[in-house]
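Any value given below was found using the heavy atoms of this structure, including those in side chains, with hydrogens, waters and symmetry copies removed.
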Amino acid sequence: MEEKIVKYTHPNGEIDVLWIPERCEHAAVCVKSLPQVYHPKDRPWITVQNANTDELIDQIKRCPSGALQYELKK
């Protein structure tokens with residue numbers, strides 16, 4: 001049986017920021033890179049409006065576990 005992967009989506013109009021909790025290693029690269037966006041104690045903990053799309057993409061590419069991903073809007 002195929003395992004269902006849970007993804008949380010946080011849209012900003014240009015991209016969807018995806019978070020896959022099962023993959024998160026809690027390395028805190030996201031929090032250190034964009035503290036204005038990532039607030040682990042808040043719900044939702046990702047506030048994509050606090051950074052531009054290029055900043056988000058650059059940070060997401062540095063996520064060591066792949067727990068953060070993005071999809072471009074068409």
Side-chain angles (χ1 to χ4, degrees):
M1 180 175 267
E2 188 174 319
E3 181 181 346
K4 184 177 180 183
I5 297 175
V6 175
K7 295 180 183 181
Y8 294 93
T9 304
H10 304 274
N12 81 347
E14 296 179 1
I15 64 170
D16 286 339
V17 174
L18 307 172
W19 179 53
I20 306 166
E22 292 83 17
R23 292 188 184 167
C24 187
E25 295 175 354
H26 304 286
V29 172
C30 55
V31 176
K32 292 173 187 169
S33 299
L34 290 176
Q36 71 274 25
V37 172
Y38 300 99
H39 306 274
K41 294 180 182 176
D42 294 346
R43 295 295 176 259
W45 74 282
I46 300 173
T47 310
V48 294
Q49 299 82 359
N50 292 344
N52 67 46
T53 298
D54 291 335
E55 291 171 320
L56 291 165
I57 290 171
D58 180 59
Q59 183 283 308
I60 291 166
K61 288 180 178 180
R62 290 185 274 140
C63 178
S65 66
L68 289 170
Q69 300 177 6
Y70 68 93
E71 294 176 349
L72 294 172
K73 297 277 195 168
K74 294 183 179 184

Q: Could you state the interatomic distance from CG (Asn12) to CG (Leu56), rounded to the nearest 0.5 Å?
A: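 Output value for this atom pair is 6.0 Å.
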Q: As a quick check of understanding, evaluate side chain to side chain contact (heavy atoms under 4.5 Å, CB included) for Cys30 and Trp45, giving each step before the final call.
A: CA-CA 11 Å; Cys30 55; Trp45 74 282; 4.0 Å; yes
Q: Would you call Val29 and Pro64 a side-chain contact if the rule is heavy atoms closer than 4.5 Å?
A: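 Counting from C-beta outward, Val29 and Pro64 do come under 4.5 Å.
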Q: Hey, could you give me each pair passing side chain to side chain donor-acceptor pair (under 3.5 Å) that has a residue in residues 56-72? Not counting sequence neighbours.
A: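 Qualifying pairs: Ser33-Arg62, Tyr38-Gln59, Asp58-Arg62.
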Q: If you group Ile, Leu, Val, Met, Phe, Trp and Tyr by side-chain heavy-atom gaps below 4.5 Å, do Ile60 and Leu18 land in one group?
A: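 Not linked; separate clusters.
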Q: Do Ile46 and Leu68 have side chains that approach each other closer than 4.5 Å (heavy atoms only, starting at C-beta)?
A: yes
Q: Side chain of Asn52, backbone of Glu55: donor and acceptor closer than 3.5 Å?
A: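 Yes; at least one donor-acceptor contact below 3.5 Å.
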Q: Which is it for Val17 and Thr9 under the side chain to side chain contact (heavy atoms under 4.5 Å, CB included) test, yes or no, and what are the steps along the way?
A: CA-CA 6 Å; Val17 174; Thr9 304; over 6 Å; no
Q: Taking all non-hydrogen atoms of both residues, which atom of Gln36 and which atom of Ala51 are closest, and how far apart?
A: NE2-CB, 4.3 Å
Q: Can you tell if the side chain of Glu14 reaches within under 4.5 Å of the side chain of Leu72, non-hydrogen atoms only?
A: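 Result no, sub-4.5 Å side-chain heavy-atom pair not found.
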Q: For the side chain of Asp16 and the backbone of His10, is there at least one donor-acceptor N/O pair under 3.5 Å apart?
A: no
Q: Checking Val6 against Ile20 for the side chain to side chain contact (heavy atoms under 4.5 Å, CB included) test, could you report, in this order, the C-alpha distance in whole Å, the side-chain angles of both residues, the deciding distance, and whether it holds?
A: CA-CA 6 Å; Val6 175; Ile20 306 166; over 6 Å; no
